[in-house]
2 protein chains.
Amino acid sequence: MGGSVMENRKTATMKDVAALADVSIATVSRFLNGNLDRMSSTTAAKIKDAIEKLNYVPNSAARQMITKASKMVAVVVANIDDYFSTELFKGVSSILEANNYTGVLFDTDSNPERERQLIQLVNDHTYDGLILQPLTESAATIEADMKRDIPIVVVDRELIHSPWTQVVTNNYEVAKSTTSHFMAAGYTHVVVLTSKISMASTREERYAGIKAAASHVDVLEVSEESYNHTQVHQKLVKLITETTEKTLVFALKERWLLEFIPSLIVQGYIDHDQATATAFSDTSTARNIEPRLQLISQDPYLMGASAAEVLVDQLVSHRRPTQDKIIIPATLR
Amino acid sequence: MGGSVMENRKTATMKDVAALADVSIATVSRFLNGNLDRMSSTTAAKIKDAIEKLNYVPNSAARQMITKASKMVAVVVANIDDYFSTELFKGVSSILEANNYTGVLFDTDSNPERERQLIQLVNDHTYDGLILQPLTESAATIEADMKRDIPIVVVDRELIHSPWTQVVTNNYEVAKSTTSHFMAAGYTHVVVLTSKISMASTREERYAGIKAAASHVDVLEVSEESYNHTQVHQKLVKLITETTEKTLVFALKERWLLEFIPSLIVQGYIDHDQATATAFSDTSTARNIEPRLQLISQDPYLMGASAAEVLVDQLVSHRRPTQDKIIIPATLR
DNA sequence: CTGTTAGCGCGTTCAC
DNA sequence: GTGAACGCGCTAACAG
């Protein structure tokens, strides 16, 4: 029983199928491509039989060479450990599936060098399109590596001079309005908790939004890879307690909220009176931990789905990229 | 400026490069494959020039058709939203990269039907190998769809009658020893917090391990997709308080710990005296939230790396799959 | 050191 | 309804 699969030494080709079914290779091809109407049902049955008997599986490389299409779309994200990236991919996939494409996920791991490699890889293989959550800020770098001319949609982070459609969050506006909201509640001192701001356009925008609304802003930058938890914790405590103003700790990314805020809550520093916290947050984890927190929710799934819709449209219509910017708003709730 | 990439109407082929460089197509092929030693540096330079001028990019489909290899390995995981799956992928990638392969990530989204589709997709395309975190329990189902004969390594969940190498955690043992550990501390009542146990072999093993050590076990099954947070919360409270025994809440998956334990801590139900909690936990998030928790840490990265090593070994040696079972132990700490 | 040639497996005109 | 034959872009002998 087990292992019957392995019986065929060489993988069968269309020729083998044709021979066994006693038809021509062209007929087999027609069968495979669903042109059943131009075929007697007898031959169709014979072919079907032969395919099963031989365990025949079409060679996609050969097909791609002819059709110049793979029905696969590369999705290159910044970090698959981020819920944002994975949820984005799920959104992408849902639309892609519905249109008979398959999403293939690649992870740049927040490494610009790796991003280059992956873009080259995508360039070198027959992917029909690319959805990219970029690390780079400049479209030029990407254009230099993507010599092949396939449709591209950029998500989440904005690119300078992008010739492609972009799908982004209203980072600046929502950061600003959120800050205003807390200002109105008396939180005049804002501590921004973030990875290196200059590393991503989203962070820059969020920071700019906060600064536009707040009067007193401190920044605490935490290294993505390595940080001293205790040290960051102490700095936060200091920033909260050394002023008489009411303090809002504003995490630019959910991860930092999850890492540092719970202990501050347990220890009573975040009491929702003298100090409170908010964050850009993609999952419901933070809310479950402390339901009283008001957080900014993005919609990565919708962003992915939107990006995929744009891409699919270009794929089927062969239209040139529109340089639209699609904004999926985030909301405080 | 922008768009210089788009200037070439049809993508150039090797023939074009050969013509422009005034050499034969074979020489270009040699150049591309790094056989520079068998070539005058003059011609090499000419070819290099031509390639750049023409923006030539080799057609991987054509190459795959000849070499029957893509240097790509498909990694099919159960759920990219789980840190376990993504970290596994990172471990896989690290080894793959080092051996000049690229990992390509696919997400079954915990959907068996989708798993089938993806396995067929992998089967239909030229992936050199497959690393699978399976949903299915039986190897036969997979064998039926994977007609092509490429090396496969199974990770995390065990398969019945697997003809492939498996890389797994010592779920039973560590669940048992952990339970014993807490029993010794007086926690004689164990509440198991889990998704449907029968859905995954890992969960079954963990549950069996707990039962083997505990005297009084209650099970609280939570639906992956939809659950009433308040209701689960209340059930937990009831289970903890309705007995005089000391209670250990044992989450079979980090997510459930994150979802329900923090509020129990805040409300004082989990006081590390009358009641405490533990979990299989892959990230450090839970530890940061409550450092006093003792949790079971798996090592998904190492599991991925191990799986990839086995796969690469089979890839380069063309050895048949060994039916080994590789165990990466988890530890309580 | 370099060119010629024969396929790889399949889709697609054409004919019949 | 069905088949023969060409070509997709490339690699791998084999010549020279």
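If you're wondering where the values come from, they're calculated on a predicted model, not measured in any experiment. Numbered from 1 within each chain, the chains take letters A, B, ... in sequence-line order.
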> Is any NZ, NE, NH1 or NH2 atom of the basic residue among B/K90 and A/D107 found under 4.0 Å from an Asp or Glu carboxylate oxygen of the other?
yes
> State whether the number of non-hydrogen atoms from other residues, nucleotides or ligands found under 6.0 Å of B/M39 atom CE is greater than 12.
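More than 12 heavy atoms, drawn from other residues, nucleotides or ligands, come within 6.0 Å of this atom.
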> Take the protein atom CG of A/D22 and the nucleotide atom C1' of D/dG1, then report the distance between them rounded to whole Å.
14 Å
> If you measure only the distance, is there a donor-acceptor pair under 3.5 Å linking the side chains of A/D81 and B/T86?
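The answer is yes; a qualifying pair exists.
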> Can a side chain N or O of B/S24 be found less than 4.0 Å away from OP1 or OP2 on C/dG3?
yes
> How many whole angstroms separate atom CG of B/D124 from atom P of C/dG9?
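The distance from CG of B/D124 to P of C/dG9 comes to 16 Å, rounded to the nearest Å.
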> For the pair made of CD1 in A/I47 and P in D/dG1, what is the distance, rounded to whole Å?
14 Å
> Specify the separation, in whole Å, of atom CG of A/N59 and atom C1' of D/dC8.
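About 13 Å, once rounded to whole Å.
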> Would you classify A/M39 as touching base, sugar-phosphate or nothing, given that sugar-phosphate means primed atoms plus P, OP1 and OP2, and contacts are heavy atoms under 4.0 Å?
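Counting heavy atoms under 4.0 Å across all strands, the contact made by A/M39 is with sugar-phosphate only.
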> Report yes if at least one side-chain N or O of A/K68 is closer than 4.0 Å to OP1 or OP2 of D/dG9; otherwise report no.
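Yes, such a contact exists.
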> Quick one: do A/E158 and A/K325 make a salt bridge, cutoff under 4.0 Å?
yes
> Please tell me which of A/M65 and B/S40 maps to the more 5' nucleotide of DNA chain C, matching each residue to the nucleotide holding its nearest heavy atom.
B/S40
> Below 3.5 Å between N/O atoms, which protein atoms pair up with nucleotides 11-13 of chain C? Just atom names and distances, please.
from   : atom 1 : to    : atom 2 : distance (Å)
C/dG11 : OP1    : A/R63 : NE     : 2.9
C/dG11 : OP1    : A/R63 : NH2    : 3.4
C/dG11 : OP2    : A/S29 : OG     : 3.1

> Using five pairs at each end of the helix from C/dC1-D/dG16 to C/dC16-D/dG1 to define an axis, what is the angle between those two axes, to 10°?
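Angle reported: 30°, given to the nearest ten degrees.
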> Is a donor from one side chain sitting under 3.5 angstrom from an acceptor on the other, for A/E115 and A/T136?
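A/E115 vs A/T136: donor-acceptor pair found between side chains.
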> Rounded to the Å, how far apart are A/F31 CZ and D/dG3 C1'?
18 Å
> It should be established whether A/T43 places a side-chain nitrogen or oxygen under 4.0 Å from OP1 or OP2 of nucleotide D/dT2.
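Yes, within the criterion.
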> In the structure I gave you, are the side-chain heavy atoms of A/L130 and A/V76 within less than 4.5 Å of one another anywhere?
yes
> Is NZ or CZ of A/K71 both nearer than 6.0 Å to the six-membered ring centre of A/Y101 and within 45° of the ring axis?
yes
> Write down the distance between NZ (B/K15) and P (C/dG3), rounded to a whole number of angstrom.
16 Å
> Do A/M65 and B/Q64 have side-chain heavy atoms sitting under 4.5 Å apart?
no
> Could you state the CG-P distance from A/L36 to D/dG1, rounded to the nearest angstrom?
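Going from A/L36 (CG) to D/dG1 (P), I get 13 Å.
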> Hydrogens and angles aside, do B/N79 and B/S85 bring a side-chain donor and acceptor to less than 3.5 Å of each other?
no
